[in-house]
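In what follows, every chain begins at residue 1, and chains take the letters A, B, ... in the order their sequences are listed.
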Number of protein chains: 2
Amino acid sequence: MTTEVSNFKDLRADTIESLKPRDRILKTANALFNEYGVNTIGIDRIIAESSVSKRTFYNHFPSKNEVIAAYLESKDWLRFSELDKHVSRVKGGAKAEILAIFDFLEQWFSEDDFNGCAFARGLNDFNQEDVKVLRGKVDLYFEHWGDFIKTRLKTLVEPDEVKILFPQLLSLITGSVIVAQGLGDAKVAQLNKRIAESILAGC
Amino acid sequence: MTTEVSNFKDLRADTIESLKPRDRILKTANALFNEYGVNTIGIDRIIAESSVSKRTFYNHFPSKNEVIAAYLESKDWLRFSELDKHVSRVKGGAKAEILAIFDFLEQWFSEDDFNGCAFARGLNDFNQEDVKVLRGKVDLYFEHWGDFIKTRLKTLVEPDEVKILFPQLLSLITGSVIVAQGLGDAKVAQLNKRIAESILAGC
DNA sequence: TAAAAAGTACACAAATCTGTCTACTTTTTC
DNA sequence: GAAAAAGTAGACAGATTTGTGTACTTTTTA
């Protein structure tokens with residue numbers, strides 16, 4: 001069964017067989033891009049593992065970049081829809097909601113298929129002219145973090161302080177991802193939550 | 001002119017023309033891999049821009065992976081030889097030396113060709129069987145950070161505290177890199193230095 | 001200065017990659 | 001239930017990629 005919101009779906013719970021061609025492609029692409037990166041995975045592999053014909057693939061996605069774009073958009077949507085859900089259960093206002101990010105990260109890092117962040121990856125993968133659109137998706141993702149965090153910081157501190165705390169918090173978040181991936185330890189999220197607590201202590 | 005230490009050289013100050021074939025290849029590969037990543041740059045491009053023949057290239061590097069390995073090794077060596085140099089000028093003991101990392105980062109982020117970290121990239125690029133060796137180079141880089149930081153932490157705090165402070169500091173470092181790259185702002189290094197000061201305040 | 005080592009130039013093999021085309025079959029929809 | 005839409009199967013064009021082979025020239029070194 002699938003949760004449908006806006007244009008995106010959470011396909012994680014569906015089996016490949018139960019899905020229609022377009023979603024089979026997206027689910028397969030998601031798994032392969034996540035594990036190996038968009039550059040090392042070819043269209044042919046996605047086609048083979050999603051059990052669609054090449055024609056069907058190209059009917060849904062006119063080029064490889066389009067399927068990568070769809071992958072990034074759905075990751076972005078899913079990340080923040082899960083974060084919103086997680087945070088909606090938290091009592092304690094803006095500060096508690098910011099701190100809850102780190103519990104969310106720990107959960108994410110503990111997933112079996114955690115393999116870093118598609119968008120941190122994208123900072124490196126999308127530096128050429130023909131993938132400008134994809135780089136745009138990466139920028140959007142970081143803007144979404146800005147929206148999430150700054151909205152809450154503004155209720156806690158002065159604008160000047162937001163300019164300091166936002167990059168610090170974003171560093172703690174992205175640094176957690178790299179360290180969790182590099183050292184293979186999800187607990188780093190809790191260690192960094194402590195730091196976040198201390199830099200927000202006065203609020 | 002070139003600074004020669006161990007097996008590696010700092011080729012940044014040399015012009016392409018002044019170098020012998022092997023170093024021309026390395027200097028060119030470094031620039032291209034740095035800008036576009038190892039996956040999107042082909043051997044042919046490196047050969048063309050380093051003005052060597054294909055045969056010469058393959059005489060020095062039996063495969064593409066070998067030139068990537070050489071690139072990673074030299075980056076690793078250069079990063080820590082510069083960090084050591086930077087830190088050697090710092091007075092104030094282990095704590096001041098750890099904090100000096102963030103000044104070093106700010107300098108790095110301010111370089112014209114700063115484009116993120118080759119090793120954070122490698123966490124994503126080297127997930128397949130045929131590049132296990134390269135993934136090993138990435139792991140070594142993170143171990144070198146461990147050596148640098150833990151050696152100093154051990155003189156300041158108890159072993160249990162090292163296990164907390166090291167992942168935190170490494171998060172601040174790697175998070176700085178991502179944020180500097182993503183938001184295009186080198187100043188994040190100084191903001192995170194403040195955090196490092198506060199988590200080391202009791203030492 | 002002569003032999004050995006290193007480099008040049010470039011054709012080409014083999015694999016792989018993106019995207020198109022044709023011909024046929026199944027599923028939807030009215 | 002017939003027409004339209006969607007999907008299957010797979011050949012293939014054209015570009016690109018890594019790596020080898022051949023024949024010749026320049027540079028080092030003993």
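Here the C1' atom of nucleotide C:dC10 and the CG atom of B:Asp44 are 12 Å apart, to the nearest Å. In this structure, the CZ atom of B:Phe57 is 17 Å from the P atom of C:dA6, given to the nearest Å. In this entry the distance linking OH of A:Tyr58 with P of D:dA5 reads 24 Å, nearest Å. Between A:Tyr36 atom OH and C:dT16 atom C1' there is a gap of 17 Å when expressed in whole angstrom units. The distance from atom CZ of A:Arg55 to atom P of C:dT22 is 10 Å, rounded to the nearest whole Å. Between the CZ atom of A:Arg22 and the P atom of C:dT27 there is a distance of 21 Å, rounded to whole Å. Straight-line distance from the CD1 atom of A:Ile41 to the C1' atom of C:dT16: 13 Å, rounded to whole Å. Protein atom CD1 of A:Ile25 is 11 Å distant from nucleotide atom C1' of D:dG7, rounded to whole Å.
Contact check on A:Glu82 versus A:Arg12 returns a salt bridge, with a Lys/Arg side-chain nitrogen under 4.0 Å from an Asp/Glu carboxylate oxygen.
Checked by atom type, the side-chain pair A:Gln190/A:Asp103 shows a donor-acceptor distance below 3.5 Å.
Ring geometry for A:Tyr141 against A:Phe119 counts as parallel: the plane angle stays under 30°, on a 0 to 90° scale with 60° as the upper cut.
Between atom CG of residue A:Asp125 and atom CG of residue A:Leu134 there is a gap of 9.5 Å, rounded to the nearest 0.5 Å.
Screening B:Leu123, B:Val131, B:Asn124 for a side-chain contact (heavy atoms from CB on, under 4.5 Å) involving B:Val138 leaves a single residue, B:Leu123.
Looking at heavy-atom distances under 4.0 Å, B:Asn59 makes no contact with the nucleic acid at all. Contact annotation for B:Thr40: no contact, since no heavy-atom pair falls under 4.0 Å across all strands. Note on A:Arg24: only backbone sugar-phosphate atoms sit closer than 4.0 angstrom, heavy atoms only; bases stay farther off.
DNA chain D is contacted by both B:Lys64 and A:Ser53; A:Ser53 maps to the nucleotide lying nearer its 5′ end (nearest heavy atom per residue). Mapping B:Lys20 and B:Asn65 onto DNA chain D by nearest heavy atom places B:Asn65 closer to the 5' end of the strand.
For D:dG10, the base has no donor-acceptor partner in the side chain of A:Lys54 [N/O atoms by modelled type, under 3.5 angstrom].
Residue A:His60 places no side-chain N or O under 4.0 Å from the OP1 or OP2 atom of D:dA6.
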